[in-house]
Protein chains: 2
Amino acid sequence: MTAEEIPEAALDRVPLSRERVLQSAVTIADGSGIAALTMRSLARALDVKPMSLYYYVANKGEILDAIIDMVFGEIDMPSTDGHWQSEMRRRASSVRQALQRHPWAIGLLESRSAPGPATLRHHDATLGVLRNAGLSVALTAHAYALLDSYIYGFALQEAALPFNGADTASEVTEPIVELFSAGDYPHLVEIAAEHVLQPGYDFGDEFDIGLNVILEALARWIPKDTGRGSPAA
Amino acid sequence: MTAEEIPEAALDRVPLSRERVLQSAVTIADGSGIAALTMRSLARALDVKPMSLYYYVANKGEILDAIIDMVFGEIDMPSTDGHWQSEMRRRASSVRQALQRHPWAIGLLESRSAPGPATLRHHDATLGVLRNAGLSVALTAHAYALLDSYIYGFALQEAALPFNGADTASEVTEPIVELFSAGDYPHLVEIAAEHVLQPGYDFGDEFDIGLNVILEALARWIPKDTGRGSPAA
DNA sequence: AGAGCATAACGTACAGTGTACGAAAATGCG
DNA sequence: CGCATTTTCGTACACTGTACGTTATGCTCT
């Protein structure tokens, strides 16, 4: 029993598992971007050799599909109990937050198109709320396409913003402002100077504004229960 | 002068140029996806060795930034001459078409955030139309965020669709339908059976529907010229 | 014509990627 | 204990972006 034979720190070594692999993949993507998620970096994070991952996962594509589904799993599912408008507002906010936590998911939506169970459950619940609100099948399809286009697109724009969070705005804008001074882009300059660069401005605040516009428009699609009408048929 | 010394087909060899490099990059990305765009594939397409590209381009990132700007360059710029609603409709359609031709651009929007001149020109022109329509600076910002979120989000969803174009829908849906029969996802099944899988259905048709909803809502933001009012102050 | 030089294209090399294939180790069970 | 199953790993291959230095090409000025 020489010292060499002791497999140092082989004790309390948490066994690998699909869950641990996927969870770790999300953590890496969140912290260092989706490009930093490689089979090798993932193995390193789990204190394991790269090829060990393939016992729990067929290939990297399967990891990508799985972590997208995990993101959908984090989203609050809307309920048919509450009012449809407040439920859709809650859902929209939850989707946006999930995509803020995991910005890489947005880019993945485009390339991968194999929805997982959490994704399907989520879509089903949302459709249920719209149908229950009184929308026809066709109007539900229209409404859902409109809502999700807006939410995804907003998240996409948010992710594309140069500054993330509480950095000073001038840090980013200064190099741009210089180019603008050339005289082109007068309207960009105007909106930057008078709006975007104002003290309290936060692009995220635009989200509720646009969402309200959409929800109010959708409300007009719901057939009104005239009150003196017949509840039957 | 042996035969070996003749650099076969050195005649009529088009010289390399930044334009040719970028144009070829777009062609590859369009035809084989953004993942197939590598320095080596690009060099092969141009009949040149990989390292020759670096004479015209600092690195691959610069290529990505440049081809995004080329996509924006393809978009029809709205004019302050026409009615703002029809101009915004024309622009929206043009953006969507450009993103359909170059689906890879959507994913690139998220990761790269160095807008090129064509991109800035385009944004400036669009802002100009909204301001000219009578919207305040703040309302213009709200309107633009809403419009672009919708357009980008719609393009994102379109790009994520499994079937591209005229393929048979059943080819894609059959494997899914099987899972659905399990009994979960009743609303997904409903909307699939009664709407999406109907003969003439095309997701792309949803675009104008949602766009109209937004444009009509925005119209209500424009201060009405009361007619008997005062044009001054 | 020839010298000199800027432009343009290239060869080689290195660290990093996903993963096929098969061997090794660890674990559980009789 | 022996053996089978589960889990982990070593090695290797084709491919990626690009740093660094070298070669070929074409133009200008004497």
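Worth saying up front: this structure is predicted, and the values here are computed from it rather than measured. Residue numbers begin at 1 in each chain, while the letters A, B, ... track the order of the sequences.
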Next on the checklist: Rounded to whole Å, please give me the gap between CZ in B/Arg18 and P in C/dA9.
Outcome noted: 15 Å
Item to check | Interatomic distance, A/Lys60 NZ vs D/dT16 C1' [rounded to whole Å] | outcome: 12 Å
Next on the checklist: Rounded to whole Å, how long is the line connecting atom CZ of A/Arg44 with atom P of D/dC9?
Outcome noted: 14 Å
Item to check | Rounded distance in Å - OH (A/Tyr55) to P (D/dT6) | outcome: 6 Å
Checklist entry - When you measure from the side chain of A/Tyr54, which nucleotide among C/dC10, C/dT19, D/dT18 comes out closest? => result C/dT19
Checklist entry - Just by distance, with hydrogens left out, do A/Ser149 and B/Gln157 show a side-chain donor and acceptor under 3.5 Å apart? => result yes
Checklist entry - What's the CG-P distance between A/Leu42 and C/dT17, to the nearest Å? => result 12 Å
Checklist entry - In whole angstrom, what separates A/Leu16's CG from C/dA26's C1'? => result 14 Å
Checklist entry - Do the side-chain N and O atoms of A/Thr38 and A/Ser41 include a donor-acceptor pair separated by under 3.5 angstrom? => result yes
Checklist entry - For the base of C/dG16, is there a side-chain donor-acceptor partner from A/Arg40 under 3.5 Å away? => result no
Checklist entry - How do B/Ser52 and A/Met51 order along DNA chain C: which one's closest nucleotide is nearer the 5' end? => result B/Ser52
Checklist outcome for this item: In whole angstroms, the gap separating P of C/dA8 from OH of B/Tyr56 amounts to 5 Å
Checklist outcome for this item: Here the pair of heavy atoms bringing B/Tyr150 nearest to B/Glu206 is OH-O, 3.4 Å
Checklist entry - Taking CD1 from B/Ile63 and P from D/dG17, how many angstroms apart are they, rounded to a whole number? => result 9 Å
Checklist entry - Just by distance, with hydrogens left out, do B/Glu190 and B/His195 show a side-chain donor and acceptor under 3.5 Å apart? => result no
